[in-house]
*Asks:* 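Would you mind keeping the following structure in view while I ask a few things?
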Amino acid sequence: MARRTQREANEAYRGYDRSGNYERMGGYGRYENDGRQGNRKRKKKKNSNLLYMFVVSFLGIVIVSLCVILLFKVQKIEIKGNDYCTSKEIKEMVQNDKYSVNALYILAKYMTGKGEVLPCFDSVRVTLRAPWHVKVEVKEKAIVGYLADGKENVYFDKDGLVVYISSEVLKGLVRVEGLPVKNKKLYQQMESSDADIFEEILETTQELKKYEITPKKLVCKDGNIYLHINNVRVSLGNTVSAEKIAQIPPIMEKLGRKKGILHMENYSDSRETITFEKKKASKEKEKDAEKEN
């Protein structure tokens with residue numbers, strides 16, 4: 001076989017080089033195309049998973065929302081602890097906005113301290129006895145006395161706040177007379193031109209309630225305070241203390257049915273002066289008594 005010339009050898013080498021490069025280029029292209037197709041498939045699968053998760057989450061939220069709306073819809077409100085405030089007022093207080101048809105919403109309001117509390121309450125506690133059953137426990141401010149205002153009675157607490165107005169006469173409370181006051185509207189603080197005597201009257205009503213003394217009335221006259229208990233008028237003067245009020249029950253027990261004035265104006269820790277001024281019988285009664293004798 002004749003030996004190839006240098007030119008033929010060079011041509012054969014270049015042809016081999018071109019052929020090898022072509023094959024190598026063709027193989028790399030196929031690999032790149034396969035990689036792109038794999039990325040597209042993974043991306044498509046990932047998007048499908050995200051869509052599935054979104055649909056499932058959305059349906060879950062819808063189901064939970066429907067359960068909250070339907071299951072926790074308020075069907076019953078139970079009221080405990082109210083004496084003078086009506087159940088209707090308390091229900092209106094609890095359901096004071098359009099969202100308060102939901103028991104969870106009401107519970108959340110009062111647990112976070114954002115629920116409405118009327119001035120006549122010291123505290124309001126809300127719990128759920130069932131998803132649709134709301135229990136409201138209230139603690140009313142204690143009434144210490146009342147004023148007659150026309151046909152209605154104005155009831156107030158120890159601070160002089162009007163907490164209840166009604167034509168009804170509540171038992172066990174003292175009626176205050178002779179004290180001119182302003183602001184006798186519900187949930188307003190009463191005021192008097194004589195602030196000092198007003199404070200003394202508030203103190204008196206608190207102590208009377210404490211010792212369970214219920215006079216027929218408490219009268220403020222000429223800057224002095226008088227209690228009408230049975231047939232006795234107790235003169236307390238212009239200052240009142242717990243010690244002074246504490247003396248009344250045992251003294252009244254000793255007096256029995258006697259009529260007169262019990263002078264306690266000067267009673268204090270340092271001066272225990274108490275006198276009883278017996279009421280004089282009328283002349284007609286004296287004559288009748290003489291005839292009987």
*Asks:* Applying side-chain contact (heavy atoms from CB on, under 4.5 Å) to S235 and E265, what does each step give before you reach the verdict?
*Replies:* CA-CA 6 Å; S235 178; E265 302 94 326; 2.8 Å; yes

*Asks:* For Y155 and L147, indicate whether the former's side chain and the latter's backbone hold a donor-acceptor pair under 3.5 Å.
*Replies:*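 No; zero donor-acceptor contacts below 3.5 Å.
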
*Asks:* For Q247 and Y267: C-alpha separation, side-chain torsions, deciding distance, then whether side chain to side chain donor-acceptor pair (under 3.5 Å) applies.
*Replies:* CA-CA 10 Å; Q247 302 303 315; Y267 179 86; 3.3 Å; yes

*Asks:* Does any non-hydrogen side-chain atom of I77 lie less than 4.5 Å from one of Q95?
*Replies:*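 Q95 vs I77: side chains touch.
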
*Asks:* May I ask you to decide if V240's main-chain N or O and E200's side chain share a donor-acceptor pair within less than 3.5 Å?
*Replies:*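 Such a contact is found between E200 side chain and V240 backbone.
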
*Asks:* Evaluate the side-chain proximity of E140 to N82: yes if any heavy-atom separation is below 4.5 Å, no if none is.
*Replies:*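 Yes - at least one pair of side-chain heavy atoms lies under 4.5 Å apart.
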
*Asks:* Testing I225, V154, V181, I201 one by one against V176 for a side chain to side chain contact (heavy atoms under 4.5 Å, CB included), which residue passes?
*Replies:*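 For V176, the side chain to side chain contact (heavy atoms under 4.5 Å, CB included) test succeeds with only one of I225, V154, V181, I201, which is I201.
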
*Asks:* Could you walk me through whether D97 and K109 satisfy the salt bridge (Lys or Arg N to Asp or Glu O under 4.0 Å) test, starting with their C-alpha distance in whole Å, then the side-chain angles of each, then the deciding distance to 0.1 Å, before giving a yes or no?
*Replies:* CA-CA 11 Å; D97 57 55; K109 273 198 310 182; 3.6 Å; yes

*Asks:* Strictly distance-based, threshold 3.5 Å: is any side-chain N or O of N153 a donor or acceptor partner for the main-chain N or O of E168?
*Replies:*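 Checked: pair present.
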
*Asks:* Work out which heavy atom in F156 is nearest to a heavy atom in Y146; give both atom names and the distance.
*Replies:*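 Minimum heavy-atom contact is CE2-N, 3.4 Å.
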
*Asks:* So, taking the atom named CG in N224 and the one named CG in L236, what distance separates them when rounded to the nearest 0.5 Å?
*Replies:*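 So the CG of N224 and the CG of L236 are separated by 9.0 Å.
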
*Asks:* Side-chain contact, heavy-atom cut-off 4.5 Å: C120 with Y84?
*Replies:*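 Heavy-atom side-chain distance check passes, below 4.5 Å.
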
*Asks:* If you compare all heavy atoms of K217 against all heavy atoms of V174, which two are closest, and at what distance to 0.1 Å?
*Replies:*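 That closest heavy-atom pairing would be C-CG2, 4.0 Å.
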
*Asks:* So do L170 and D83 actually touch side chain to side chain, heavy atoms under 4.5 Å?
*Replies:*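 Side-chain contact under 4.5 Å: no.
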
*Asks:* Is the count of non-hydrogen atoms from other residues, nucleotides or ligands lying under 6.0 Å from K158 atom NZ greater than 12?
*Replies:*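 Not buried by this count: 12 neighbours or fewer within 6.0 Å.
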
*Asks:* Does the distance from a Lys or Arg side-chain N to an Asp or Glu carboxylate O, for E177 and R175, drop under 4.0 Å?
*Replies:*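 Salt bridge present between E177 and R175.
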
*Asks:* Determine whether E203 and I245 make a side-chain contact, defined as any pair of heavy atoms from C-beta on separated by less than 4.5 Å.
*Replies:*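 E203 vs I245: side chains apart.
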
*Asks:* Strictly distance-based, threshold 3.5 Å: is any side-chain N or O of E152 a donor or acceptor partner for the main-chain N or O of D149?
*Replies:*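 Pair absent, no side-chain N/O of E152 close to backbone of D149.
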
*Asks:* Is Y99 atom OH crowded by more than 12 heavy atoms from other residues, nucleotides or ligands, each under 6.0 Å away?
*Replies:*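 Atom OH in Y99 is not crowded, with 12 or fewer foreign heavy atoms closer than 6.0 Å.
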
*Asks:* Provide the closest heavy-atom pair for C85 versus L118 in the form atom of the first, atom of the second, distance.
*Replies:*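 So the two residues come closest at SG-CD1, 4.3 Å.
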
*Asks:* Return the minimal non-hydrogen interatomic distance between S100 and I106, and the atom names on each side.
*Replies:*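 Shortest heavy-atom contact: O-CD1, 3.1 Å.
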
*Asks:* Could you grab the distance from atom CZ of R125 to atom NZ of K135, nearest 0.5 Å is fine?
*Replies:*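 Answer rounded to 0.5 Å: 7.5 Å.
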
*Asks:* Report yes or no: does K244 contribute a side-chain atom to a donor-acceptor pair with the main-chain N or O of T239 at less than 3.5 Å?
*Replies:*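 Judged by distance alone, yes, a pair lies under 3.5 Å.
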
*Asks:* Is any side-chain heavy atom of L227 less than 4.5 Å from a side-chain heavy atom of I248?
*Replies:*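 In short, these two side chains touch, coming nearer than 4.5 Å.
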
*Asks:* Is a donor on one side and an acceptor on the other found under 3.5 Å between the side chain of N102 and the backbone of L104?
*Replies:*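 Between the backbone of L104 and the side chain of N102 there is a qualifying donor-acceptor contact (under 3.5 Å).
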
*Asks:* Could you report the tightest heavy-atom contact between V144 and Q206, atom names first, then the distance?
*Replies:*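 Shortest heavy-atom contact: CG1-CG, 4.1 Å.
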
*Asks:* Search all heavy atoms of F276 against all heavy atoms of K259 and return the closest pair with its distance.
*Replies:*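 Smallest heavy-atom distance, with atoms named: CZ-O, 3.5 Å.
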
